[in-house]
Amino acid sequence: MANNPPPKVDLNEFKSEIKYLQRQRFLGRIIFYPLALIVTFVLRVIFRYKIKNTRKIRKKYRQLVKENSPLLLCSNHLTLIDSLIIHLGMARMSWYFLNYKHFNWNTPAVENFTKKLYWRFLLYFGKCIPIDRFGSPEHHDMVLDKIKYLLRDGEICTIFPEGGRSRSALIDIENTTYGIGRIVQDVENCKVLCVYLRGEGQDKYSDYPENGEKFYIDMEVIKPESMNTGMRQARDISLQVMYKLKEMEDKYFQIEKN
Amino acid sequence: MQEKEVFDKIVGIIGPFAKNKESLNNVTNDSNILKDFEVNSSRLVDIILALEDEFDIEISDEEAEKIETIGDATNLIKNKI
């Protein structure tokens, strides 16, 4: 696989976007603690969300980030706030405050989050890179290049490889996007943290989980590889991630059945 | 290979990925792969790879990004075979 090739986009534009990201990260860190407390209060107290097996997940996540290799988080996607639940499950907010690099970046779809001011505020200060899924190839390249930059810089980034919430409420391999493959191809030694998240009552996709929902989270790290090159390699890598998520989903339903 | 043959093979490859099946009845060189056939943009990569296999050619990322219509694909392939 190629080792850290230069960005595909215009270099000057990329440099100015990187400055923007650095400023966003700096300001996000300043406001992190009060914002995290408010969000945690809303999720834990108002919506009464609970996450099972957090101790085990948090321990595993802390061990993982110690390895210091670029880590791309890929998860299934059923609600608009999956990434917030994942944040909540993987570590305490106090730990994120002390390890701000490991509070991961997210790539929400612009159409879902830019209409209301509080979402825009949360997006900016909550380490998000909005993506217009129907945008130009140049826009998509820019988003991918930003993620590659952040991963090389030791940050963790989240991508939903189905490119949207699964309409069948199950892992939808047919809708796999190949951006993950392009990232893993270009970021040396990049590993993928596959995360399977599901609320017990989540039997279809929705904007938000039901109040009082209990979440199951499972995670596994893989290092996808392919002997192919170019687009075929990107496809192989992305599909390996999706098949791993599918395997994790089967495990979830097996546990549920028993 | 005749242009018509290339054209038909391209349409045949795109067919399974098209959500708008009716549009496959009126395909022209100007038919836009994403808009007219309502192909999911993520599936464009699968289409490009299928074209590579079908015509035994290589299409670079840059060339792939320029393909918007059936005519673009036909011209690119004609120049490569």
Side-chain angles (χ1 to χ4, degrees), chain A residues 1-2 5-10 74 77 107 109 111 131-145 148 159-168 171-186 226 228-239 241-242, chain B residues 6 9-24 29-81:
Chain A
M1 286 185 224
K8 285 183 81 178
V9 293
D10 177 79
C74 293
H77 197 15
T107 46
E111 71 269 24
I131 183 165
D132 180 357
R133 292 180 291 174
F134 309 103
S136 65
E138 291 77 19
H139 165 70
H140 291 161
D141 283 343
M142 179 61 87
V143 172
L144 293 184
D145 280 333
K148 290 176 204 169
I159 278 205
F160 294 107
E162 291 161 287
R165 288 167 288 164
S166 167
R167 270 37 184 173
S168 63
I171 296 289
D172 187 357
I173 298 207
E174 295 241 319
N175 265 338
T176 308
T177 57
Y178 299 147
I180 327 160
R182 288 175 57 193
I183 294 167
V184 174
Q185 269 178 318
D186 290 349
S226 164
N228 282 318
T229 55
M231 284 185 278
R232 279 173 207 275
Q233 190 181 52
R235 179 168 70 172
D236 289 351
I237 291 168
S238 306
L239 286 173
V241 172
M242 287 297 277
Chain B
V6 173
K9 280 187 176 179
I10 293 171
V11 176
I13 285 170
I14 291 172
F17 298 98
K19 284 183 194 153
N20 182 359
K21 301 286 182 198
E22 273 183 27
S23 64
L24 293 167
N29 271 327
D30 293 328
S31 300
N32 187 295
I33 298 171
L34 293 182
K35 289 175 191 158
D36 295 330
F37 304 126
E38 294 174 19
V39 170
N40 179 334
S41 60
S42 303
R43 300 285 69 81
L44 261 185
V45 174
D46 295 303
I47 291 172
I48 300 293
L49 296 179
L51 292 174
E52 285 188 342
D53 292 339
E54 176 65 39
F55 296 101
D56 198 20
I57 54 168
E58 271 193 38
I59 300 173
S60 68
D61 287 1
E62 291 73 26
E63 287 169 328
E65 279 172 13
K66 286 179 192 152
I67 298 177
E68 289 185 6
T69 63
I70 296 286
D72 294 336
T74 310
N75 289 334
L76 179 75
I77 290 163
K78 251 180 19 193
N79 292 332
K80 282 182 177 273
I81 54 177

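Below, chains carry the letters A, B, ... as their sequence lines are ordered, and counting in each starts from 1. Both backbone and side-chain heavy atoms feed into the values below; hydrogens, waters and symmetry mates do not.
The pair R232(A)-D53(B) meets the salt-bridge criterion, since a charged nitrogen lies less than 4.0 angstrom from a carboxylate oxygen. A salt bridge links R235(A) with D46(B); the closest basic N to acidic carboxylate O contact falls under 4.0 Å. Looking at E58(B) and K80(B), no side-chain N of the basic residue comes within less than 4.0 Å of a carboxylate O on the acidic one, giving no salt bridge.
Contact of D141(A) with chain B is made through the side chain alone, with heavy-atom distances under 4.5 Å. Contact of I48(B) with chain A is made through the side chain alone, with heavy-atom distances under 4.5 Å.
Note that CD of E63(B) and CG of N79(B) are 9.5 Å apart. Values are rounded to the nearest 0.5 Å.
With chain B as partner, the option from E174(A), H140(A), R133(A) having the largest number of non-hydrogen pairs under 4.5 angstrom is E174(A).
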